[in-house]
Each structure stands twice: as structure tokens, then as C-alpha cells.
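Chain A is the first sequence line, chain B the second, and so forth, proteins listed ahead of strands; every chain is numbered from 1. From a predicted model like this one, the values you see are computed outputs, not experimental measurements.
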Amino acid sequence: MLDLKAVVQDPEGFERRLARRGPDAAALLAPVKTLAAERRELNVALEGMKKRAGEANARVGQLMRTDRAAGEAARAEARTLSDEVKGREKRLAEIEAEIAKLLLLVPNPPQESVPDGVDERDNREVSRWGAPPRFDFAPRPHWELGEELGVLEWQQAAKLSGSRFTVYKGAAARLERAVAAFFLDVHGSRGYTEILPPYLVTAETMTGTGQLPKFEEDLFRTAGPDPLYLIPTAEVPLTNLHRDEIFEPGQLPIRYCAWTPCFRAEAGAAGKDTRGLIRQHQFHKVELVKITRAEESEAEHQRMVEDACEVLRRLGLHHRVVLLCAGDMGFSSAKTYDVEVWLPGQQTFREISSVSNCEDFQARRIRVRYRDEKGKPRLAHTLNGSGVAVGRTLVALFENYQQEDGTILLPPALHPYMGGVTRIDKGDFPRGVER
RNA sequence: GGAGGAGUGGCCGAGCGGUCGAAGGCGGCGGUCUUGAAAACCGCUGAGGGUUCACGCCCUCCGAAGGUUCGAAUCCUUCCUCCUCCGCCA
């Protein structure tokens, strides 16, 4: 959410910055400006009125003890003032609610360092690691490999749940767990505290990080009188963990990681990535979240990108980092890097992580602050990034490490997590491997 | 789910419907004293908003939302959370 005071002070500046996201974003501010002016005028008048009403009430109190008749007279005057205050307060509350409603729909203006552009074609590659693996056969997509090996199953998933679900079996099920455990261990050793949050959260929590009110159609919601929402990413619970808190000096930055399922309705994605694991209603992701002081968020952002890349390096997966252009960024982000992994089966780079600095946009919604050197509360900055998407990591592992015979060679970093299994092959996967 | 109890400032804890933003204590900060520290004593010590060049002044907030009243931390209603006991479960 934007700072209303800042918007009022420099409306043109905000409109110019928002316009970089696209033609619609800047237009949202016009009604806000009008209402803000109205609110201010009303508020000034109201405060004077409240003061007078308060004084009138005090007089009544005093007179009632000494002169009953005079007290009754003062009471009539106090009543008039009181009624007037109540009427104006009601109008003020309406205006403020309207402003809040509008402001919740305004996206975060991009940082200056974000390149101009309208979609992913305008994103800027900033680095690249490794090289595409070379095959002396035609590499195949992961869904063929998984199906052939009997470890990824889509017919049964459709029977259970419809489209965009997958049943993992044997080695694939184990691999999903192994990859997640590996990621958590890497991040844990790099300073992140592991969290296991609720997967169902309230509308208030969803509003805090920006999923609501604008993107309700992307979410799954429970039935019943008190609905809850399934998290589309662990960013939601992790970032909301410290809602309404003020951090003391020395407590920041906070770094969390969590392995959770993510649930996405994928409305509007009909016909897109219909095969394989790329776009599912349910997938696992290891998420990284930081809460920092304003002046350190940029440096922490760069480090978070490195943390995401680190797990891919350890798995030997060729990848690149792109800086998203203004038009391609998510609602809450001021600056986003995507990490894209190479998928030989599809001869393309594919997003496997998205690392965003939301600056104070979410912090303002959830009132997360810290005390500066002078002891004054200041809004914190929040950052989030995938570290990384587990399902898409399986995609990358299958496609990059496939052999001509259709088996998958696993990179050494995962061997301890796979109970010694080093290759995914057809046939029985060793069951009940204990450590 | 049922029956009780409780929600006040960073923490503990008072608070007859009328200068209560709220006694007192703890903690924290500043000062006096001290070579330094401790102790003692004195003062300060929440958040948001408005206004002012500034000092300051003003408004709002006692779990949340309504209501009664000239006036609510105090009375009423609903909701939320926590604690205890019972039931049900993993």
C-alpha cells in the first residue's frame, strides 16, 4: 500500500512512477487525491468541533455538582455538539474506508533501477551460470521421462482431482522430499530460520501481502461461514508473522525459510503449460522471506538472489538471472529478479525462482516497523523469494540429467538425501530406506 | 462443541460513568552523587493523525465492532483471543 501522505504531497511523482507498470495503474490515484482533500478538510473541522464538545461535557459535569438547573441547560448544548460530532465522524469514517479500499488496489511503484518495458521480452539478463548440457540424442521433456519411468502419473491425478495435478510415485515422491530437505539445509546453514506455517490463512493475512483484495480469483477458498484461503506461497504466512510488531534495534534483519505446498487456481491460464509439472494447482516450494531495515534491503535483496542461485549451483543446473521490467513485475514488488533454469527438453529457460524487494509496501499494510537510531518507529522492508520451486526443480533434474536410456542420473548433492540412490530407473524403488 | 474465568501502556497491576492516556511497581532513558560502577534520589519514558519554521498545541486509541448517555476503560449487545474443566479427536 502506498503512503497516503506521500501521495498527497507528490501525486504527479507517484502517477509517473506507476505509469511505468502500464496505462491502468496511474489512473487509480485520481479518486484518491479527491477523497484525500475532502478528508483533510473534514478532519480539521472535526477536531475543533470535538474540542468544543469535550469542553461542553466537562462543564456539564461540573455544573451538575453545584447548580442543577444550569447543568441541565448546559446538557442541551452539549447534546447538540455531540450529535454534530457523531454525524461528521461517520462521514469521515466513510471517506477513510473508501480511500483505504482504493489504495489497496494500487500496485507498488517500480524502483528507479527497474528497466522500462511491458512484458517478459523487455526483461534484462544480468548473469548466467554454467552451460546447457550436451546430448548425443534428442533430449525429451520431463513428462515423457516421468511417465515412462512410472514415477509421475497424470491419469490417476485427473481421476482424483481433475486437471493440473500430478501423482508422484516411488523415486519421484522421494526426490521431491529430498530436494526440499536439501534446500532447507542449505538455507538453514546460510542464516535462515526454518518455519512450518499454517497453509490456511485468513483474508486479513492475504490482504497483508497483497493477494487480496485484487487477486481473489487466483486463490482457493474454503467453504463455510468463516472461509480461509489456501496459501499460494509461503510468502503469505511468513511475511505476516510479525504483523503489528515494532522491532527493537539489533533484531533485524529477520530471515525465514519454509517448505510448503502452494495452491493456485491458475484462473486465466487455460491452455497454458498443460503438460507436465510446470503449472499445477498444487506444488511445493521452499520460500525465503526477510524483514529488514530500509537501508539494508537492497543488499539483502542481492544476497537473496545469490541464495536462490546457490542451490541450483550445488545441483549443477544451468541458469540465468533476469531483472524484470516494470511491466512484468508482481503487484507488491518494487524490484524483482527471476532466476530461470535451463530446460533442455523444451530448449528454453524457465522461471524457477522469483526474488522481490517489496520495500515498505507490504510493511505498511501489516504495520511491521522497527526503531531507528532515534527510537522512532519506521516501516520495515519485506523481501521474498523462491529458494526454489521444488516441482520445477524436479523438471530441471529430469530434463538436464536424462540419459539416452530414459533414466535420470542424480547429482551428488542429493545422494545423501536419497538414501544412496543415485539414479532413477524403471522398476522397484527401494522402499523404507532408513538413515 | 459444552461449562466457567479473563482480556488495561514494553512487562506486572489499580481504576465510584465526569480533566483517566489512565494510580503504583518493574524495566528502559537522562540527570544528581561517584575516580568509575552500584545504591539512593530527581525527571523522562506508547502508537497514530492534525497543526506549527520551531517550542508547542489539538484529536483518536484501555481485545474488536456496535449501542446507551451531554459524557464510557467503567453500563448493555455481538464478536475475537487466551486460561481452566468436560466432550471429541490426530
Please work out if Arg367(A) contacts a base, only the sugar-phosphate, or nothing of the nucleic acid, heavy-atom cut-off 4.0 Å.
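The residue Arg367(A) makes no contact with any strand.
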
Ring centre gap for Phe165(A) and His281(A) strictly below 6.0 Å:
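For Phe165(A) and His281(A), the ring centres are under 6.0 Å apart.
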
Looking at the rings of His142(A) and Phe398(A), which for Trp means the six-membered one, are their centres under 6.0 Å apart?
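Ring centroids of His142(A) and Phe398(A) are no less than 6.0 Å from each other.
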
What residues in residues 46-54 of chain A put a non-hydrogen atom under 4.0 Å from any atom of RNA chain B?
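Those residues are Glu47(A), Lys50(A), Lys51(A).
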
Roughly how far apart, to the nearest Å, are rC83(B) and rC76(B) at atom P?
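Those two atoms are separated by 25 Å.
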
Hey, what's the ring geometry for Phe215(A) with Phe331(A), parallel, tilted or perpendicular (30° and 60° as the breaks)?
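Judged by the thresholds at 30° and 60°, the geometry between Phe215(A) and Phe331(A) is perpendicular.
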
Rounding to a whole Å, what distance do you find between Arg243(A):CZ and rA47(B):P?
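Spelled out: CZ on Arg243(A) to P on rA47(B) is 21 Å.
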
Between Arg75(A) and rG18(B), is there a side-chain N or O to OP1/OP2 distance below 4.0 Å?
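No.
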
Counting only side-chain N and O atoms of Thr80(A), is one of them less than 4.0 Å from OP1 or OP2 of rC70(B)?
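So the side chain of Thr80(A) is outside the cut-off, no N or O lying under 4.0 Å from OP1 or OP2 of rC70(B).
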
Among the candidates rA47(B), rG49(B), rG71(B), find the nucleotide nearest to the side-chain atoms of Arg369(A).
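Per side-chain heavy atoms of Arg369(A), the pick is rA47(B).
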
Should the heavy atoms of other residues, nucleotides or ligands under 6.0 Å from NZ of Lys33(A) be counted, would the total exceed 12?
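Yes, enclosed.
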
Would you indicate whether Arg124(A), at its atom CZ, is surrounded by more than 12 heavy atoms from other residues, nucleotides or ligands within a distance under 6.0 Å?
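Result for CZ/Arg124(A): open.
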
Does Arg17(A) pair with Glu112(A) as a salt bridge, N-O distance under 4.0 Å?
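Result for this pair is no, no salt bridge flagged.
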
